[in-house]
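Below is one structure, written out as structure tokens; the observations come after it.
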Amino acid sequence: MARRSALAWLGICLAGWVMMESAWAGVPRVVASIKPIHSLLAGVMAGVAEPGLLLTGSGSPHAYALRPSQAQLLRKADVVFWVGEELETFLIKPLQSLGSHAKKIPLHQVDGIQLLQSREGGLFASNDDHSDHEAHPGHPHANQNMHIWLDPQNARAMIAAMAGVLGELDPQNASRYHQNAAAGITQLQMLEQDLGNQLAPIQKKPYLLFHDAYAYFEHRFGLHPVGALSIHPEQKPSAKRIYDIRQGIAASGAECIFSEPQFEPALVATLIRGTEVKKATLDPLGAQLTPGKEAYTQLLTHLAKSLTDCLLPP
């Protein structure tokens with residue numbers, strides 16, 4: 001009798017295991033390129049599976065080398081969400097080598113994304129002149145700024161696109177993806193309102209950047225950057241550019257300059273030596289944040305705090 005009971009219990013366990021395997025068999029293996037994209041994706045996939053992340057820590061998407069474990073993660077992926085080849089240059093060749101089974105989703109092309117043109121390095125001609133800073137829906141044009149995730153309205157468009165892609169590949173969990181996306185969109189609407197209130201006192205405060213990575217955040221919240229030390233963060237600015245910006249600091253009225261954890265802060269120290277300009281750090285990728293669905297909210301919250309801490313009087 002005991003043996004019969006044990007066999008019956010084993011049969012129940014095996015049946016449950018088979019059911020679980022069947023339920024999870026259709027869940028796609030999903031990978032995100034950078035931490036902010038991974039965070040949005042983790043929110044959409046909550047309760048179903050955890051997406052993989054390629055770029056961790058303080059690495060730059062402009063110049064990064066995949067570790068063997070990351071390359072293997074990419075090779076096994078069914079779906080890869082990335083911003084696009086204009087940003088994650090380290091992914092261009094690895095994605096080309098993937099088989100046709102893997103979907104590659106460049107998020108700068110999804111419906112609802114507003115694209116901004118890159119501004120020239122050095123001192124911006126005028127913060128009121130949007131001829132080099134115009135929003136375009138849909139597909140990119142020349143010299144586009146690809147830091148699209150720093151606009152919470154773009155993030156909402158990306159969440160909706162993620163849910164759509166995953167729902168088609170995994171119909172069994174489609175309702176969960178879309179429910180998560182709806183909740184995430186509502187949360188981002190509230191975040192945008194809160195950040196707008198927090199940033200309102202500094203909208204007219206001029207400041208300088210290490211490089212022009214924050215145009216979407218600034219455009220959404222009406223901020224007032226007056227220049228950037230570098231156009232491309234992996235290329236050091238020339239001595240002439242540093243001299244020109246030093247000469248223009250007084251005229252610009254810049255109160256702060258913001259460096260980034262991924263790049264050399266000594267350049268910033270050189271730029272402001274002998275001036276009263278304060279320095280602080282902005283991080284567009286959330287290098288120090290723990291990956292997960294909360295990281296995106298933390299990223300934008302930290303940006304707002306860094307800006308207000310430096311630009312508002314104590």
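Predicted model, so just to flag it, every value in this text is computed and none were measured.
- A donor-acceptor distance shorter than 3.5 angstrom exists from the side chain of W149 to the backbone of P284, with no hydrogens or angles considered.
- Within the 4.5 Å cutoff, no side-chain heavy atoms of Q117 are placed close to those of N145.
- Proximity of L166 to N173: side-chain heavy atoms (C-beta onward) are nowhere separated by under 4.5 Å.
- Across every non-hydrogen atom of A254 and V226, the tightest pair is CB-CG2, 4.1 Å.
- Panel note: side chain S39, backbone K35; no donor-acceptor pair is recorded below 3.5 Å.
- Between T290 and A295, the shortest heavy-atom distance links the atoms O-CB, 3.6 Å.
- Side-chain atoms of M162 and V110, non-hydrogen and from C-beta on, never get closer than 4.5 Å to each other.
- Within the 4.5 Å cutoff, no side-chain heavy atoms of L285 are placed close to those of E260.
- Side-chain atoms of H108 do not come within 3.5 Å of backbone N or O of I148 as any donor-acceptor pair.
- Of the residues L195, I185, T297, L300, the one that meets the side chain to side chain contact (heavy atoms under 4.5 Å, CB included) test with P152 is L300.
- With I257 as the partner, the side chain to side chain contact (heavy atoms under 4.5 Å, CB included) test is satisfied by one option alone out of T275, V277, L209, I249: V277.
- By the salt bridge (charged side-chain N to carboxylate O under 4.0 Å, His left out) test, R75 is found to be paired with no residue, residues two or more places apart in sequence or in another chain being considered.
- Qualifying ring pair (Phe, Tyr, Trp, His ring centres under 6.0 Å) partners for W82, counting only residues two or more places apart in sequence or in other chains: none.
- Placement of L307 and L312 within a single hydrophobic cluster is found when ILVMFWY residues are connected by side-chain heavy-atom separations under 4.5 Å, directly or transitively.
- Judged as a side-chain contact (heavy atoms from CB on, under 4.5 Å), and not counting sequence neighbours, the contacts of Q70 are L54, T56, Y64, L66, R67.
- Residues satisfying the side chain to side chain donor-acceptor pair (under 3.5 Å) criterion with S33, sequence neighbours excluded, are E88.
- Considering only residues two or more places apart in sequence or on other chains, Y214 meets the ring pair (Phe, Tyr, Trp, His ring centres under 6.0 Å) condition with none of them.
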Which pairs would a plain distance check flag for residues 94-102, meaning a side-chain donor or acceptor within less than 3.5 Å of a matching protein atom at least two apart in sequence or in another chain?
unit_1, atom_1, unit_2, atom_2, d
S97, OG, P94, O, 2.7
H101, NE2, A77, O, 3.3

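- Taking the centre of each ring, H147 and H211 come in below the 6.0 Å mark.
- When hydrophobic clusters are built by joining Ile, Leu, Val, Met, Phe, Trp and Tyr residues whose side-chain heavy atoms come closer than 4.5 Å, directly or via intermediates, L53 is not grouped with V44.
- Annotation for D283 and L299: closest pair O-CD1, 3.0 Å, computed over non-hydrogen atoms.
- Pairs passing the side-chain hydrogen bond (donor to acceptor under 3.5 Å, both in side chains) check and including a residue from residues 174-186, sequence neighbours excluded, read D170-Y177.
- Residues passing the side-chain contact (heavy atoms from CB on, under 4.5 Å) test with K76, sequence neighbours excluded: R29, Q72.
- For residues 190-201, the side-chain hydrogen bond (donor to acceptor under 3.5 Å, both in side chains) pairs, not counting sequence neighbours, are Q153-E192, R156-E192.
- A distance of 9.5 Å separates CG in L208 from SG in C256, rounded to the nearest 0.5 Å.
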Before you tell me yes or no, could you show the steps for E218 and Y207 under side chain to side chain donor-acceptor pair (under 3.5 Å), namely the whole-Å CA-CA distance, both residues' side-chain angles and the distance that decides it to 0.1 Å? CA-CA 11 Å; E218 294 156 350; Y207 60 91; 2.9 Å; yes
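- Judged as a side-chain contact (heavy atoms from CB on, under 4.5 Å), and not counting sequence neighbours, the contacts of A280 are F258, C310.
- Taking hydrophobic clusters as Ile, Leu, Val, Met, Phe, Trp and Tyr residues chained together by side-chain heavy-atom distances below 4.5 Å, L223 shares a cluster with L150.
- For F81, there are no ring pair (Phe, Tyr, Trp, His ring centres under 6.0 Å) partners two or more places apart in sequence or in a different chain.
- Scanning both residues, G84 and P106, for their nearest heavy atoms gives CA-CB, 4.4 Å.
- To the nearest 0.5 Å, atom NZ of residue K204 and atom CG of residue L311 are 14.0 Å apart.
- Atom CG of N154 and atom CD of Q114 lie 7.0 Å apart (nearest 0.5 Å).
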Test E86 against M146 for side chain to side chain contact (heavy atoms under 4.5 Å, CB included), laying out the working first. CA-CA 7 Å; E86 294 86 354; M146 287 292 112; 3.4 Å; yes
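- I34 is listed as a side-chain neighbour of L87, based on a closest heavy-atom distance under 4.5 Å.
- Note: D151 CG to I113 CD1 = 8.0 Å, rounded to the nearest 0.5 Å.
- Counting only heavy atoms from C-beta outward, the side chains of V27 and V48 approach each other to under 4.5 Å.
- Of all non-hydrogen atoms in P28 and M45, the two that sit nearest each other are O-CE, 4.4 Å.
- At a threshold of 4.5 Å between non-hydrogen side-chain atoms, the residues F217 and L199 count as touching.
- Within the 4.5 Å cutoff, the side chain of L188 has heavy atoms near those of the I159 side chain.
- By the 6.0 Å contact criterion, NZ on K103 is open, its count of non-hydrogen atoms from other residues, nucleotides or ligands being 12 or less.
- Scanning for salt bridge (charged side-chain N to carboxylate O under 4.0 Å, His left out) contacts around K305 gives D309, with sequence neighbours left out.
- A pairwise comparison of heavy atoms in Q144 and L116 identifies OE1-O, 2.7 Å as the closest pair.
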